[in-house]
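Residue numbers begin at 1 in each chain, while the letters A, B, ... track the order of the sequences.
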Protein chains: 2
Amino acid sequence: MTNKKLTLQIDFRSGLPIYTQIVNQVQAQVASGKLKPDDQLPTVRALAEELRVNFNTVARAYRILDEARIISTQQGRGTFITEIPPPKVTERLRRESLEALTQRYVDEAARLGFSKGEIRQMVSDQLKGWNESGKSEE
Amino acid sequence: MTNKKLTLQIDFRSGLPIYTQIVNQVQAQVASGKLKPDDQLPTVRALAEELRVNFNTVARAYRILDEARIISTQQGRGTFITEIPPPKVTERLRRESLEALTQRYVDEAARLGFSKGEIRQMVSDQLKGWNESGKSEE
DNA sequence: TCATAATTGTACTAATTGTATCATTGTCAC
DNA sequence: GTGACAATGATACAATTAGTACAATTATGA
(Lines give C-alpha, C1' and ligand atoms only; values in the text may rest on other atoms or scores of the structure.)
Protein backbone atom coordinates (compact mmCIF):
# COMPACT_ATOMS: atom_id res chain seq x y z
CA MET A 1 0.00 0.00 0.00
CA THR A 2 1.57 3.22 -1.09
CA ASN A 3 -0.91 5.88 -0.12
CA LYS A 4 -2.29 6.30 3.36
CA LYS A 5 -5.09 8.44 4.65
CA LEU A 6 -3.00 9.58 7.59
CA THR A 7 -5.64 10.59 10.08
CA LEU A 8 -4.23 13.23 12.35
CA GLN A 9 -5.91 15.12 15.11
CA ILE A 10 -4.68 18.64 15.52
CA ASP A 11 -5.66 20.51 18.64
CA PHE A 12 -5.36 24.19 17.89
CA ARG A 13 -5.72 25.12 21.52
CA SER A 14 -3.30 22.68 23.04
CA GLY A 15 -0.45 25.13 23.14
CA LEU A 16 1.70 22.65 21.25
CA PRO A 17 2.81 23.99 17.89
CA ILE A 18 0.96 22.43 14.99
CA TYR A 19 4.14 21.20 13.38
CA THR A 20 5.10 19.51 16.61
CA GLN A 21 1.78 17.75 16.77
CA ILE A 22 2.21 16.52 13.23
CA VAL A 23 5.71 15.30 13.98
CA ASN A 24 4.61 13.51 17.12
CA GLN A 25 1.65 11.80 15.56
CA VAL A 26 3.46 10.65 12.45
CA GLN A 27 6.27 9.41 14.62
CA ALA A 28 3.80 7.54 16.81
CA GLN A 29 2.07 5.96 13.84
CA VAL A 30 5.36 4.80 12.41
CA ALA A 31 6.37 3.37 15.75
CA SER A 32 3.07 1.58 16.11
CA GLY A 33 3.26 0.12 12.65
CA LYS A 34 0.26 2.03 11.40
CA LEU A 35 2.58 3.61 8.89
CA LYS A 36 4.97 1.27 7.15
CA PRO A 37 8.11 1.72 5.08
CA ASP A 38 7.40 3.01 1.58
CA ASP A 39 3.99 4.29 2.53
CA GLN A 40 3.46 7.59 0.81
CA LEU A 41 2.33 10.44 3.00
CA PRO A 42 -0.08 13.07 1.73
CA THR A 43 1.53 15.97 -0.08
CA VAL A 44 2.27 19.02 2.01
CA ARG A 45 -0.59 20.81 0.34
CA ALA A 46 -3.09 18.00 0.66
CA LEU A 47 -2.40 17.47 4.33
CA ALA A 48 -2.40 21.20 4.93
CA GLU A 49 -5.80 21.53 3.37
CA GLU A 50 -7.17 18.65 5.35
CA LEU A 51 -5.87 20.07 8.60
CA ARG A 52 -6.80 23.61 7.61
CA VAL A 53 -3.30 24.90 8.15
CA ASN A 54 -0.71 26.49 5.91
CA PHE A 55 1.25 24.03 3.84
CA ASN A 56 4.49 25.49 5.14
CA THR A 57 3.57 24.21 8.54
CA VAL A 58 3.23 20.72 7.16
CA ALA A 59 6.45 21.20 5.25
CA ARG A 60 8.18 22.15 8.44
CA ALA A 61 6.96 19.01 10.15
CA TYR A 62 8.03 16.93 7.18
CA ARG A 63 11.46 18.51 7.23
CA ILE A 64 11.93 17.63 10.87
CA LEU A 65 10.82 14.08 10.23
CA ASP A 66 13.13 13.93 7.25
CA GLU A 67 16.09 15.07 9.31
CA ALA A 68 15.21 12.40 11.83
CA ARG A 69 15.36 9.88 8.96
CA ILE A 70 11.81 8.84 9.62
CA ILE A 71 10.53 9.96 6.27
CA SER A 72 12.14 10.81 2.98
CA THR A 73 10.93 13.87 1.14
CA GLN A 74 11.66 14.29 -2.55
CA GLN A 75 10.99 17.49 -4.39
CA GLY A 76 8.72 16.89 -7.31
CA ARG A 77 7.91 13.35 -6.19
CA GLY A 78 6.47 13.14 -2.73
CA THR A 79 7.09 11.99 0.79
CA PHE A 80 7.62 8.44 1.95
CA ILE A 81 8.19 6.53 5.13
CA THR A 82 11.74 5.22 5.28
CA GLU A 83 12.64 1.80 6.48
CA ILE A 84 12.57 1.38 10.18
CA PRO A 85 16.05 1.50 11.61
CA PRO A 86 15.99 -1.75 13.56
CA PRO A 87 16.55 -0.81 17.17
CA LYS A 88 14.57 -3.51 18.86
CA VAL A 89 14.12 -6.18 16.27
CA THR A 90 15.57 -9.56 16.88
CA GLU A 91 19.05 -10.43 15.79
CA ARG A 92 17.62 -12.82 13.27
CA LEU A 93 15.43 -10.22 11.61
CA ARG A 94 18.32 -7.85 11.65
CA ARG A 95 20.49 -10.30 9.84
CA GLU A 96 17.82 -11.14 7.32
CA SER A 97 17.33 -7.50 6.59
CA LEU A 98 20.98 -6.99 5.80
CA GLU A 99 21.01 -10.20 3.82
CA ALA A 100 18.17 -9.06 1.62
CA LEU A 101 19.72 -5.67 1.09
CA THR A 102 23.06 -7.17 0.23
CA GLN A 103 21.60 -9.70 -2.11
CA ARG A 104 19.84 -6.99 -4.05
CA TYR A 105 23.11 -5.15 -4.34
CA VAL A 106 25.18 -8.12 -5.39
CA ASP A 107 22.58 -9.28 -7.89
CA GLU A 108 22.41 -5.86 -9.43
CA ALA A 109 26.17 -5.58 -9.68
CA ALA A 110 26.35 -9.02 -11.21
CA ARG A 111 23.63 -8.15 -13.67
CA LEU A 112 25.71 -5.19 -14.73
CA GLY A 113 28.59 -7.50 -15.42
CA PHE A 114 30.93 -6.79 -12.58
CA SER A 115 33.14 -9.53 -11.21
CA LYS A 116 33.38 -10.77 -7.66
CA GLY A 117 36.76 -9.19 -7.30
CA GLU A 118 35.57 -5.82 -8.47
CA ILE A 119 32.59 -5.87 -6.17
CA ARG A 120 34.63 -6.94 -3.17
CA GLN A 121 37.19 -4.28 -3.88
CA MET A 122 34.65 -1.52 -4.30
CA VAL A 123 32.81 -2.39 -1.11
CA SER A 124 36.09 -2.47 0.70
CA ASP A 125 37.05 0.93 -0.68
CA GLN A 126 33.75 2.49 0.26
CA LEU A 127 33.88 1.12 3.76
CA LYS A 128 37.37 2.45 4.22
CA GLY A 129 36.29 6.03 3.83
CA TRP A 130 33.68 5.77 6.48
CA ASN A 131 34.13 6.63 10.13
CA GLU A 132 32.36 3.87 11.97
CA SER A 133 30.92 5.77 14.90
CA GLY A 134 29.72 8.68 12.87
CA LYS A 135 26.16 7.61 12.51
CA SER A 136 25.77 11.20 11.37
CA GLU A 137 23.93 12.38 14.41
CA GLU A 138 25.16 15.90 13.98
CA MET B 1 22.39 -8.25 -32.33
CA THR B 2 20.49 -5.09 -32.98
CA ASN B 3 17.69 -5.13 -30.49
CA LYS B 4 18.14 -5.68 -26.79
CA LYS B 5 15.63 -6.32 -24.09
CA LEU B 6 17.28 -3.78 -21.82
CA THR B 7 16.23 -4.97 -18.42
CA LEU B 8 16.13 -2.02 -16.09
CA GLN B 9 15.13 -1.88 -12.49
CA ILE B 10 13.48 1.34 -11.48
CA ASP B 11 13.01 2.07 -7.82
CA PHE B 12 10.36 4.73 -7.56
CA ARG B 13 11.20 5.58 -3.99
CA SER B 14 14.94 5.46 -4.07
CA GLY B 15 15.17 9.21 -4.07
CA LEU B 16 16.98 9.14 -7.37
CA PRO B 17 14.99 10.67 -10.23
CA ILE B 18 13.72 8.08 -12.67
CA TYR B 19 15.65 9.59 -15.55
CA THR B 20 18.82 9.38 -13.51
CA GLN B 21 18.26 5.74 -12.78
CA ILE B 22 17.78 5.03 -16.46
CA VAL B 23 20.94 6.93 -17.34
CA ASN B 24 22.96 5.14 -14.70
CA GLN B 25 21.84 1.70 -15.66
CA VAL B 26 22.24 2.11 -19.38
CA GLN B 27 25.64 3.60 -18.78
CA ALA B 28 26.60 0.68 -16.61
CA GLN B 29 25.41 -1.86 -19.13
CA VAL B 30 27.35 -0.18 -21.88
CA ALA B 31 30.43 -0.03 -19.73
CA SER B 32 30.09 -3.65 -18.80
CA GLY B 33 29.69 -4.71 -22.39
CA LYS B 34 26.17 -5.94 -21.88
CA LEU B 35 25.14 -3.38 -24.45
CA LYS B 36 27.32 -3.17 -27.53
CA PRO B 37 27.82 -0.63 -30.29
CA ASP B 38 24.93 -0.48 -32.76
CA ASP B 39 22.59 -2.22 -30.39
CA GLN B 40 19.23 -0.57 -30.67
CA LEU B 41 17.57 0.54 -27.49
CA PRO B 42 13.82 0.36 -27.05
CA THR B 43 11.94 3.38 -28.34
CA VAL B 44 11.15 6.02 -25.79
CA ARG B 45 7.53 4.96 -25.84
CA ALA B 46 8.21 1.25 -25.56
CA LEU B 47 10.57 1.63 -22.65
CA ALA B 48 8.27 4.10 -20.99
CA GLU B 49 5.40 1.64 -21.17
CA GLU B 50 7.51 -1.15 -19.81
CA LEU B 51 8.70 0.92 -16.90
CA ARG B 52 5.28 2.52 -16.42
CA VAL B 53 6.61 6.03 -16.72
CA ASN B 54 5.95 8.90 -19.08
CA PHE B 55 7.86 8.66 -22.34
CA ASN B 56 9.29 12.12 -21.81
CA THR B 57 11.08 10.80 -18.79
CA VAL B 58 12.75 8.19 -20.96
CA ALA B 59 13.42 10.81 -23.61
CA ARG B 60 15.15 12.93 -21.03
CA ALA B 61 17.38 10.05 -20.02
CA TYR B 62 18.14 9.31 -23.68
CA ARG B 63 19.01 12.94 -24.30
CA ILE B 64 21.48 12.94 -21.43
CA LEU B 65 23.04 9.74 -22.68
CA ASP B 66 23.14 11.22 -26.15
CA GLU B 67 24.92 14.31 -24.95
CA ALA B 68 27.41 12.07 -23.20
CA ARG B 69 28.00 10.37 -26.57
CA ILE B 70 27.02 7.04 -25.13
CA ILE B 71 24.03 6.60 -27.36
CA SER B 72 22.92 8.19 -30.57
CA THR B 73 19.29 9.15 -30.90
CA GLN B 74 17.92 9.75 -34.36
CA GLN B 75 14.51 11.21 -34.86
CA GLY B 76 12.33 8.89 -36.83
CA ARG B 77 14.79 6.02 -36.63
CA GLY B 78 15.54 5.08 -33.11
CA THR B 79 18.22 5.01 -30.52
CA PHE B 80 21.48 3.17 -30.79
CA ILE B 81 24.58 2.55 -28.78
CA THR B 82 27.39 4.57 -30.32
CA GLU B 83 30.70 3.22 -31.47
CA ILE B 84 33.03 2.04 -28.82
CA PRO B 85 34.18 4.93 -26.76
CA PRO B 86 37.88 5.03 -25.95
CA PRO B 87 38.81 2.32 -23.45
CA LYS B 88 39.74 5.08 -21.05
CA VAL B 89 36.16 6.26 -21.05
CA THR B 90 34.66 2.83 -20.76
CA GLU B 91 36.83 2.05 -17.84
CA ARG B 92 35.86 5.26 -16.15
CA LEU B 93 32.16 4.69 -16.76
CA ARG B 94 32.49 1.18 -15.52
CA ARG B 95 34.13 2.25 -12.36
CA GLU B 96 31.71 5.09 -11.78
CA SER B 97 28.74 2.81 -12.25
CA LEU B 98 29.91 0.34 -9.69
CA GLU B 99 30.94 3.11 -7.39
CA ALA B 100 27.50 4.72 -7.46
CA LEU B 101 25.75 1.41 -6.97
CA THR B 102 28.00 0.45 -4.10
CA GLN B 103 27.69 3.77 -2.41
CA ARG B 104 23.94 3.52 -2.41
CA TYR B 105 24.18 0.08 -0.88
CA VAL B 106 26.69 1.02 1.80
CA ASP B 107 24.82 4.19 2.69
CA GLU B 108 21.59 2.32 3.06
CA ALA B 109 23.15 -0.39 5.18
CA ALA B 110 24.80 2.23 7.34
CA ARG B 111 21.55 4.07 7.72
CA LEU B 112 19.96 0.89 8.97
CA GLY B 113 22.63 0.72 11.61
CA PHE B 114 24.85 -2.07 10.38
CA SER B 115 28.53 -1.94 11.12
CA LYS B 116 31.36 -2.06 8.67
CA GLY B 117 32.23 -5.54 9.83
CA GLU B 118 28.72 -6.81 9.35
CA ILE B 119 28.51 -5.34 5.87
CA ARG B 120 31.87 -6.68 4.82
CA GLN B 121 31.02 -10.10 6.14
CA MET B 122 27.65 -10.24 4.45
CA VAL B 123 29.03 -9.17 1.10
CA SER B 124 31.74 -11.75 1.41
CA ASP B 125 29.22 -14.45 2.22
CA GLN B 126 27.00 -13.55 -0.69
CA LEU B 127 29.88 -13.55 -3.10
CA LYS B 128 31.01 -16.94 -1.94
CA GLY B 129 27.89 -18.69 -3.11
CA TRP B 130 28.15 -17.40 -6.62
CA ASN B 131 29.88 -19.00 -9.56
CA GLU B 132 31.92 -16.41 -11.29
CA SER B 133 31.13 -17.71 -14.77
CA GLY B 134 27.92 -15.75 -15.00
CA LYS B 135 29.80 -12.89 -16.61
CA SER B 136 28.37 -12.86 -20.08
CA GLU B 137 25.74 -15.49 -20.12
CA GLU B 138 24.17 -14.99 -23.50
C1' DT C 1 7.44 7.20 -58.23
C1' DC C 2 4.56 9.37 -55.21
C1' DA C 3 1.22 9.93 -51.59
C1' DT C 4 0.10 8.64 -47.19
C1' DA C 5 0.33 6.43 -42.86
C1' DA C 6 3.07 4.71 -39.12
C1' DT C 7 6.93 5.10 -36.22
C1' DT C 8 10.17 7.62 -33.68
C1' DG C 9 12.40 11.42 -31.33
C1' DT C 10 11.82 16.71 -30.10
C1' DA C 11 9.99 20.91 -28.20
C1' DC C 12 7.17 23.32 -25.46
C1' DT C 13 3.96 23.59 -21.85
C1' DA C 14 1.42 22.17 -17.77
C1' DA C 15 0.82 19.85 -13.42
C1' DT C 16 2.52 18.18 -9.16
C1' DT C 17 5.49 18.33 -5.48
C1' DG C 18 8.81 20.13 -2.04
C1' DT C 19 12.01 24.45 -0.79
C1' DA C 20 13.45 29.09 0.43
C1' DT C 21 12.61 33.56 1.99
C1' DC C 22 10.35 36.98 4.14
C1' DA C 23 6.14 39.02 6.46
C1' DT C 24 2.71 38.71 10.05
C1' DT C 25 1.01 37.45 14.45
C1' DG C 26 1.07 36.29 19.21
C1' DT C 27 3.28 35.66 23.61
C1' DC C 28 6.31 36.75 27.23
C1' DA C 29 10.15 38.97 29.73
C1' DC C 30 11.57 43.37 30.82
C1' DG D 1 4.38 49.50 26.29
C1' DT D 2 8.53 47.55 23.90
C1' DG D 3 11.52 44.25 22.12
C1' DA D 4 12.64 39.48 21.21
C1' DC D 5 11.47 35.30 19.68
C1' DA D 6 8.69 31.44 18.05
C1' DA D 7 4.86 29.91 15.15
C1' DT D 8 2.39 30.49 11.20
C1' DG D 9 1.25 32.33 6.71
C1' DA D 10 2.17 34.36 1.87
C1' DT D 11 4.69 34.31 -2.09
C1' DA D 12 7.94 32.99 -5.33
C1' DC D 13 10.87 29.30 -6.81
C1' DA D 14 12.93 24.71 -8.21
C1' DA D 15 12.73 19.76 -9.45
C1' DT D 16 10.35 16.02 -11.46
C1' DT D 17 7.08 14.06 -14.33
C1' DA D 18 3.20 14.25 -17.60
C1' DG D 19 0.43 16.14 -21.79
C1' DT D 20 0.19 17.73 -26.44
C1' DA D 21 1.61 18.97 -30.77
C1' DC D 22 5.14 18.54 -34.22
C1' DA D 23 9.14 17.09 -37.24
C1' DA D 24 12.05 13.48 -39.35
C1' DT D 25 12.38 8.98 -41.08
C1' DT D 26 10.66 4.73 -42.75
C1' DA D 27 7.14 1.57 -44.50
C1' DT D 28 3.25 0.72 -47.51
C1' DG D 29 0.50 0.66 -51.48
C1' DA D 30 -1.55 2.54 -55.59
(message) For Arg111(A) and Gln25(B), which I'm curious about, is there any donor-acceptor pair between the side chains at under 3.5 Å?
(response)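 Judged by distance alone, the side chains do pair up.
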
(message) Could you check whether Arg77(A) and Gln74(A), counting side-chain N and O atoms only, form a donor-acceptor pair closer than 3.5 Å?
(response)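 Short answer, no.
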
(request) Identify whether the distance between the nearest side-chain nitrogen and carboxylate oxygen of Arg45(B) and Glu49(B) falls below 4.0 Å. (result) no

Rounding to an integer number of Å, can you tell me how far [X] [atom1] sits from [N] [atom2]?
| X | N | atom1 | atom2 | answer |
| --- | --- | --- | --- | --- |
| Ile22(B) | dT16(D) | CD1 | C1' | 12 Å |
| Asp11(A) | dT8(D) | CG | P | 12 Å |
| Phe80(A) | dT16(C) | CZ | C1' | 12 Å |
| Gln40(B) | dT26(D) | CD | C1' | 12 Å |
| Phe12(A) | dT27(C) | CZ | P | 15 Å |
| Glu67(A) | dG18(C) | CD | P | 16 Å |
| Leu41(B) | dG9(C) | CG | C1' | 13 Å |
| Asp66(B) | dA11(C) | CG | C1' | 15 Å |

(request) Identify the heavy atoms of Tyr62(A) and Leu47(A) that sit nearest to each other, and give their distance. (result)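 Scanning both residues, the minimum pair turns out to be OH-CD2, 3.5 Å.
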
(message) How close do Gln27(B) and Ser97(B) get, counting heavy atoms only, and between which atoms?
(response) C-OG, 4.2 Å

Got a list of protein N/O to nucleotides 11-15 of chain D N/O distances below 3.5 Å?
from, atom 1, to, atom 2, distance (Å)
dT11(D), O4, Asn56(A), ND2, 3.3
dA14(D), N3, Gln75(A), NE2, 2.3
dA15(D), O4', Gln75(A), NE2, 3.3

(request) Answer yes or no: does a side-chain N or O of Thr73(A) lie under 4.0 Å from OP1 or OP2 of dT19(C)? (result)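 Affirmative; the distance criterion is met.
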
(request) Answer yes or no: does a side-chain N or O of Thr79(B) lie under 4.0 Å from OP1 or OP2 of dT8(C)? (result)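 Answer no for this pair, as no side-chain N or O of Thr79(B) is under 4.0 Å from OP1 or OP2.
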
(request) Name all residues meeting the side chain to side chain donor-acceptor pair (under 3.5 Å) criterion together with Asp107(A); count only those two or more places apart in sequence or in a different chain, and write none if there are none. (result)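 Side chain to side chain donor-acceptor pair (under 3.5 Å) list for Asp107(A), sorted by chain: empty.
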
